[in-house]
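Since the structure comes first, as C-alpha cells, the remarks are kept for the end.
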Amino acid sequence: MDLASNLGGKIDKTEVLSAVDKYEKYHVCYGGQEEERKANYTDMVNKYYDLVTSFYEFGWGESFHFAHRWNGESLRESIKRHEHFLALQLRLQPGQKVLDVGCGIGGPLREISRFSSTSILGLNNNEYQITRGKELNRIVGLDKTCNFIKADFMKIPIADNTFDAVYAIEATCHAPDAYGCYKEIFRVLKPGQYFAAYEWCMTDNFDPQNPEHQKIKAEIEIGDGLPDIRLTTKCLEALKQAGFEVIWEKDLAADSPVPWYLPLDKSHFSLSSFRLTAVGRLFTKNMVKVLEYVGLAPKGSLRVQDFLEKAAEGLVEGGKKEIFTPMYFFLARKPNSDTDSDSN
C-alpha cells in the first residue's frame, strides 16, 4: 500500500499519465533527441524520479545502486561494502563536512555518515526524494548531523572550498555535461581534498555503429532518466579538464566475482532480493496493474513499471556484452594550489 500511495511522487495523481507521456517523448525509443534531453534535463530527471522512486524503494530498499560483489555475499551486504569502500577511499575523518551529489532518498548518506561519523549534506533536485530522505533521517536519529538541499548539481548554491570531501554514487550520469558538473564539485571542495564517484558509463567495447549496442544504450537511457551515457574516457577527460588530479580509476565491474547485473537477470532467482528478480518484477507488475485498475494507484503507474522493465533488460544485456558499467570508479584530488596542479 505504501507503493500505491507514493506512486508519482510530488506529481498530482491525476497528472501521472501525462507526465509519463512527456517523459517517454524525451527518449530515442519514442523519437526523442539527445539535444532535447540535455536542454531539458532538469524537467526530465525530476519527472523520472517522481515516477520511479516508489518502485526503486520497493525493490532496492534505501540505496538505489549496484555493487561489486563477492561469492557468498548477499546483495544488501555488497551494497553496504560498496558504500564503505567509498568512505575509506575518501579518507573520511570524524566531524568532517561531506557532500553527497545526487543523493536519492539518502540511503548511502546515512550508511556513510554512521560508518565514518561525518556530517553529510545530500544534494538533490527532486522535492519528493528530499521529503522522503528527511523522514528517514529523522527515524534513525540522523536529522541533526545530516541534511538535504534542493539544488541542481550544475549550479551548486554553496560557497567555494566548503567541503572536506565530495562523492557521487551513480548520480552524475544525469548531468547533461560532465565537465560542467565536475567543475562545480571542484569549486565547492576544499583544496587538497578528495572527490570519488561511481559513474554509469559505456565501456571501450561499445560500438556506436552497432544497432544492437545502440538499442541497449537507448533502453538504459529511457529506463534510468539519462540524457546520454558517456564513455569512461570522456569522464576521465572531463575530470582533468575541471582541474582534478586523478589518483586512480577503474571499472570495478570488470573483476566482480558475482556479475553486478545478476539480481536483474531472468535466469537468476533469489529470495533475499526477490523483488528485483524477473519473478518478483512480474509480481510487482501484476500488483500495480490491479492497484491501478481499482484506483489505488494513479493511471500511468503500469507504464512506469514497463519502462523500468525495459531498463532492466537493457542493463542485463549491456552487462553481459560488457559494453556498459554502473561502477566506473575514480578517486580524484583537488590540488592545494595552482603550483601543486602544475607540478602534477
Side-chain angles (χ1 to χ4, degrees), residues 1-10 46 49-50 52-67 69 73-151 153 156-159 162-172 185 188-190 193-198 272-276:
M1 294 310 295
D2 282 344
L3 173 64
S5 62
N6 291 324
L7 284 171
K10 289 286 185 180
N46 250 315
Y49 278 113
D50 270 332
V52 307
T53 295
S54 289
F55 283 105
Y56 271 20
E57 194 173 350
F58 184 72
W60 286 99
E62 295 176 21
S63 292
F64 309 156
H65 63 82
F66 294 99
R69 190 171 163 194
E73 188 176 39
S74 73
L75 178 62
R76 294 276 178 259
E77 288 169 340
S78 71
I79 284 173
K80 280 193 173 189
R81 183 173 56 78
H82 207 55
E83 293 164 0
H84 295 174
F85 176 82
L86 201 65
L88 291 168
Q89 289 298 311
L90 286 167
R91 301 146 168 82
L92 296 185
Q93 300 296 319
Q96 284 188 325
K97 190 174 179 181
V98 182
L99 179 67
D100 179 335
V101 178
C103 61
I105 61 172
L109 174 156
R110 285 182 288 279
E111 184 62 36
I112 291 173
S113 175
R114 286 180 293 208
F115 179 73
S116 60
S117 300
T118 50
S119 296
I120 305 182
L121 180 67
L123 187 148
N124 191 328
N125 212 15
N126 183 267
E127 190 180 340
Y128 171 68
Q129 287 198 334
I130 288 177
T131 302
R132 183 73 181 126
K134 284 183 175 179
E135 173 64 11
L136 292 169
N137 277 6
R138 187 190 62 75
I139 289 168
V140 298
L142 285 174
D143 47 323
K144 300 289 191 293
T145 55
C146 295
N147 206 348
F148 297 88
I149 181 171
K150 186 179 186 303
F153 50 39
I156 302 174
I158 293 170
T162 294
F163 295 100
D164 298 300
V166 180
Y167 68 84
I169 301 177
E170 301 182 21
T172 45
I185 290 168
V188 300
L189 181 63
K190 290 178 181 177
Q193 300 303 102
Y194 295 92
F195 166 43
Y198 297 119
S272 64
S273 54
F274 172 74
R275 292 174 179 178
L276 291 175

Exercise for review: Can you tell me which residue pairs pass the side chain to side chain donor-acceptor pair (under 3.5 Å) test with a partner in residues 85-94, sequence neighbours excluded?
Suggested key: Gln89-Trp248

Exercise for review: Verify, without hydrogens or angle tests, whether Arg69 (side chain) and Glu73 (backbone) share a donor-acceptor contact under 3.5 angstrom.
Suggested key: yes

**Study point:** Atom pair CD1 (Ile185) and CZ (Phe195), whose distance is rounded to the nearest 0.5 Å
**Key:** 3.5 Å

**Study point:** Minimum heavy-atom distance Pro108-His65, with the two atoms named
**Key:** CG-CD2, 3.9 Å

Point to revise | Those residues that, when tested against Lys190, pass salt bridge (charged side-chain N to carboxylate O under 4.0 Å, His left out) (two or more places apart) | key: Asp164

Point to revise | Approximate separation, where rounding is to 0.5 Å, of Phe64 CZ and Glu170 CD | key: 11.5 Å

Exercise for review: Please report the shortest heavy-atom distance between Thr162 and Ala159, naming the atom on each side.
Suggested key: OG1-O, 2.6 Å

Practice item. Determine the minimum heavy-atom distance between Ile105 and Gly61, stating which atoms define it. Key: CD1-O, 4.4 Å

Review point. Got a donor-acceptor contact below 3.5 angstrom from the Thr131 side chain to the Glu127 backbone?
Key: yes

Point to revise | Residue pair Glu111 / Ser63, side-chain donor-acceptor N/O under 3.5 Å | key: no

Review point. Quick one: are Leu92 and Val98 in side-chain contact, heavy atoms under 4.5 Å?
Key: yes

Review point. Phe115 versus Leu88: any side-chain heavy-atom pair under 4.5 Å?
Key: yes

Practice item. Any side chain to side chain donor-acceptor pair (under 3.5 Å) involving residues 98-110? Give me the pairs, sequence neighbours left out, ordered by first then second residue. Key: Glu62-Arg110, Asp100-Tyr167, Arg110-Asn137

Review point. Looking only at heavy atoms, what is the nearest atom pair of Thr145 and Ser113, with distance?
Key: OG1-OG, 4.3 Å

Point to revise | Heavy-atom closest contact (Val101 atom, Phe153 atom, distance) | key: CG1-CD2, 3.5 Å

Point to revise | Gap between atom CG of Leu123 and atom CG of Asn147 - 0.5 Å precision | key: 11.5 Å

Exercise for review: Please answer whether the main-chain N or O of His82 pairs with a side-chain N or O of Tyr198 as donor and acceptor at a distance below 3.5 Å.
Suggested key: yes

Review point. What's the spacing between Arg132 CZ and Glu57 CD if we round to 0.5 Å?
Key: 4.0 Å

Exercise for review: Run the salt-bridge test on Lys80 and Glu77 with the 4.0 Å N-O cut-off and return the result as yes or no.
Suggested key: no

Exercise for review: Can you measure from CG (Leu136) to SG (Cys146) and round to the nearest 0.5 angstrom?
Suggested key: 12.5 Å

Exercise for review: To the nearest 0.5 angstrom, please state how far the CG atom of Asn124 sits from the CD atom of Gln129.
Suggested key: 5.0 Å

Review point. Under 4.5 Å between any side-chain heavy atoms of Lys134 and Asp143, yes or no?
Key: no

Check your understanding: Please walk me through it: do Lys97 and Leu121 pass side chain to side chain contact (heavy atoms under 4.5 Å, CB included)?
Key -> CA-CA 8 Å; Lys97 190 174 179 181; Leu121 180 67; 5.8 Å; no

Practice item. Show your reasoning for whether salt bridge (Lys or Arg N to Asp or Glu O under 4.0 Å) applies to Glu135 and Arg138. Key: CA-CA 5 Å; Glu135 173 64 11; Arg138 187 190 62 75; 2.7 Å; yes

Point to revise | Minimal non-hydrogen separation, Cys103 against Leu109, with atom names | key: CB-CD1, 4.4 Å

Point to revise | Side-chain heavy-atom pair Ile158, Phe163 within 4.5 angstrom cut-off | key: yes

